Engineer: 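Following this message is one structure expressed as structure tokens.
On a predicted model such as this, the values are computed, not experimentally measured, just so you know. Throughout, numbering of the chain's residues begins at 1 and tracks the sequence. FYI, side chains are in, hydrogens and waters are out, and symmetry mates aren't considered; it's all heavy atoms of this structure.
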Amino acid sequence: MVSGGARAVARCDALGVAPYSDMEGGLYRGYLNPSYTAAQDALAGWMGEAGMAVYRDAAANLIGRYDGTQPGAPALLIGSHLDSVRDGGRYDGPLGIMLGLEAVAALHQSGKRLPFPIEVIAFGDEEGSRFPAAMLTSRAVAGTLAPEALDIADADGVSLSQAGVSLSDYLSAARGPGTTLAYLEAHIEQGPVLEAEGLAVGTVTGIAAQLRYQAVIKGMAGHAGTSSMPLRRDAVAGAAEMILAIETIARADASDLVATVGRIEALPGAPNVIAGEVRFTIDIRSGEEARRDRAAEAILDALASIANHRDLNYAIQRVHDLPASPCDPALMDLMDAAAADAGHPVRRLVSGAGHDAMVMAALCPTAMLFIRCRQGISHNPAEHVDPGDADVALQVMLGFIDRLGATFDPA
């Protein structure tokens with residue numbers, strides 16, 4: 001007999017190929033693309049088999065509902081995202097959906113219902129890999145999506161409305177106050193901590209605060225053969241020193257703080273020309289907003305000092321500022337207790353990556369469970385989850401749901 005965790009992994013694998021991918025030889029499932037619709041159709045069938053009533057909301061999220069015993073009780077939402085990055089892995093997002101489905105299937109098979117309904121939700125465009133608006137559909141559900149955010153188009157010029165949704169109805173996907181008890185998301189860790197410590201699962205304490213900057217460094221372009229070294233105002237050399245300073249500051253903090261330069265461009269970009277301009281991004285994250293902000297201040301000061309020393313002009317623009325999104329302390333305690341009762345050590349860790357849970361926190365208390373993934377690899381075809389670890393996650397989720405039911409107060 002196949003375990004629920006193994007079946008969840010197998011279903012993620014099944015959705016990793018055509019017609020559930022729009023990419024030849026790999027996985028890409030963009031929001032509202034044909035592969036997205038095909039994956040929703042397959043998922044809808046599995047939800048029905050698990051005893052759920054299935055529907056799509058105005059934002060094209062697929063939802064399976066398993067009614068509770070108390071009419072009108074707020075729902076526990078369990079979910080993650082169904083879309084993927086280009087040439088991505090099979091478990092980032094879908095595994096959380098499949099584990100939610102398996103949790104309901106286990107309850108249905110045993111004839112058990114909770115005081116509250118459970119709804120398994122498959123979000124779209126969490127990755128922002130088709131439209132330039134990450135976490136679009138979870139923001140719609142949480143009620144934090146501004147109407148002007150719907151005026152977007154993909155790289156081919158296809159607008160959101162042309163892709164198959166009604167813009168006039170889209171925001172009606174928002175859940176009303178008091179209708180949602182909590183949101184639970186199981187997700188691969190996308191990092192190496194659990195594997196390094198020999199652990200299958202961990203309780204997430206929250207999602208890191210994030211700052212992102214765009215830096216433009218300007219020097220003087222010149223001939224690579226005739227410009228002497230002392231007289232150069234080399235934007236690349238200056239940017240290199242700045243990037244090393246960014247790394248040094250983040251390393252010295254010796255905490256969960258991380259800083260990344262993920263994109264760099266040198267202009268004019270000729271092999272025999274000293275670069276007169278360099279553009280690069282800076283991404284700074286920490287579970288503590290104050291720690292993130294202190295590091296950002298130190299980094300900006302260091303960049304200013306380097307630019308001054310090298311006689312370079314510079315401009316730095318903040319383009320992204322996401323506050324930390326802590327998980328609910330009471331729900332974390334329930335998750336810890338469920339892990340311990342399942343025979344696994346309790347481990348808490350922060351998420352450096354963003355998730356739909358950080359958006360849903362505006363609507364209701366949130367909880368997250370991380371699952372070990374091989375070498376911490378994600379957003380990559382090499383992404384891998386052991387079915388046994390998925391089974392552990394399922395048992396912990398079921399324990400969490402039981403405890404939530406036992407503590408449920410309809411008042």
Engineer: Please answer whether the main-chain N or O of Gly287 pairs with a side-chain N or O of Arg292 as donor and acceptor at a distance below 3.5 Å.
Structural biologist: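 Absent.
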Engineer: Can any side-chain N or O of Glu195 pair as donor or acceptor with the backbone N or O of Gln375 at less than 3.5 Å?
Structural biologist: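 Side chain of Glu195 to backbone of Gln375: a pair is present.
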Engineer: Would you say Asp156's side chain and Val158's backbone share a donor-acceptor pair under 3.5 angstrom?
Structural biologist: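 No; judged by distance alone, with no hydrogens or angles, the pair does not exist.
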Engineer: Check for me whether Arg86 meets the cation-pi criterion with Tyr28, that is, NZ or CZ under 6.0 Å from the six-membered ring centre and within 45 degrees of the ring axis.
Structural biologist: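 Verdict for Tyr28: a cation-pi partner in Arg86.
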Engineer: If you count the non-hydrogen atoms of other residues, nucleotides and ligands that lie under 6.0 Å from CZ in Arg374, is the total more than 12?
Structural biologist: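 Counting neighbours around CZ of Arg374, 12 or fewer heavy atoms of other residues, nucleotides or ligands fall under 6.0 Å, so no.
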Engineer: Just checking, any donor-acceptor pair under 3.5 angstrom between side chains of Asp22 and Ser35?
Structural biologist: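 Indeed, the side chains of Asp22 and Ser35 share at least one donor-acceptor pair under 3.5 Å.
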Engineer: Do Val141 and Val359 have side-chain heavy atoms sitting under 4.5 Å apart?
Structural biologist: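 They are not in side-chain contact.
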Engineer: If you measure from the Lys or Arg side-chain nitrogens to the Asp or Glu carboxylate oxygens, is any gap between Asp283 and Arg285 under 4.0 Å?
Structural biologist: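 Yes, charged N to carboxylate O under 4.0 Å.
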Engineer: Can a salt bridge be assigned to the pair Arg90 and Glu383 using a cut-off of 4.0 Å between side-chain N and carboxylate O?
Structural biologist: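 A salt bridge is absent here (no side-chain N lies under 4.0 Å from a carboxylate O).
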Engineer: Does a salt bridge link Asp125 with Arg139, judged by any charged N lying under 4.0 Å from a carboxylate O?
Structural biologist: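 No.
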Engineer: With no hydrogens and no angle check, just 3.5 Å: does a side-chain donor-acceptor pair link Gln40 and Arg56?
Structural biologist: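 Yes, because at least one side-chain N or O of Gln40 sits under 3.5 Å from a partner of the opposite role on Arg56.
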Engineer: Judged by modelled atom types alone, do Glu126 and His355 share a side-chain donor-acceptor pair under 3.5 Å?
Structural biologist: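 On atom types as modelled, these side chains do not qualify, holding no pair under 3.5 Å.
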Engineer: Establish, from distance only, whether the side-chain atoms of Gln162 and Ser159 form a donor-acceptor pair under 3.5 Å.
Structural biologist: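 Yes.
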Engineer: Just by distance, no angles: are the side chains of Tyr91 and Gln190 close enough, under 3.5 Å, to form a donor-acceptor pair?
Structural biologist: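 Note: Tyr91 and Gln190 side chains miss the donor-acceptor criterion.
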Engineer: Hey, are Glu49 and Arg11 close enough for a salt bridge, meaning a charged N less than 4.0 Å from a carboxylate O?
Structural biologist: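 Answer for the salt bridge query: yes.
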Engineer: Do we get Arg263 above Phe280's six-membered ring, with its NZ or CZ under 6.0 Å from the centre and within 45° of the axis?
Structural biologist: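 No, a cation-pi geometry is absent between Arg263 and Phe280.
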Engineer: Which value, rounded to the nearest 0.5 Å, describes the distance between Ile299 atom CD1 and Ile246 atom CD1?
Structural biologist: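 The CD1 atom of Ile246 is 5.5 Å from CD1 of Ile299, to the nearest 0.5 Å.
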Engineer: Inspect the contact between Glu189 and Arg372 and indicate whether a charged nitrogen and a carboxylate oxygen are less than 4.0 angstrom apart.
Structural biologist: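 Answer for the salt bridge query: no.
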Engineer: Is it true that a side-chain atom of Ser286 and a backbone atom of Glu289 form a donor plus acceptor pair closer than 3.5 Å?
Structural biologist: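 Checked: no pair found.
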Engineer: Among side-chain atoms of Asn33 and Arg130, is any donor-acceptor pair under 3.5 angstrom?
Structural biologist: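 Yes, a side-chain donor-acceptor pair sits under 3.5 Å.
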Engineer: Under 3.5 Å, is there a donor-acceptor pair between the side chain of Arg65 and the main chain of Glu119?
Structural biologist: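 No: the side chain of Arg65 does not pair with the backbone of Glu119.
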Engineer: Are His379 and Asp87 linked by a side-chain donor-acceptor pair shorter than 3.5 Å?
Structural biologist: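 No, no side-chain donor-acceptor contact under 3.5 Å.
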Engineer: Do Ser305 and His309 meet the criterion of a side-chain donor-acceptor pair at a distance under 3.5 Å?
Structural biologist: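 Distance-only check fails for Ser305 and His309.
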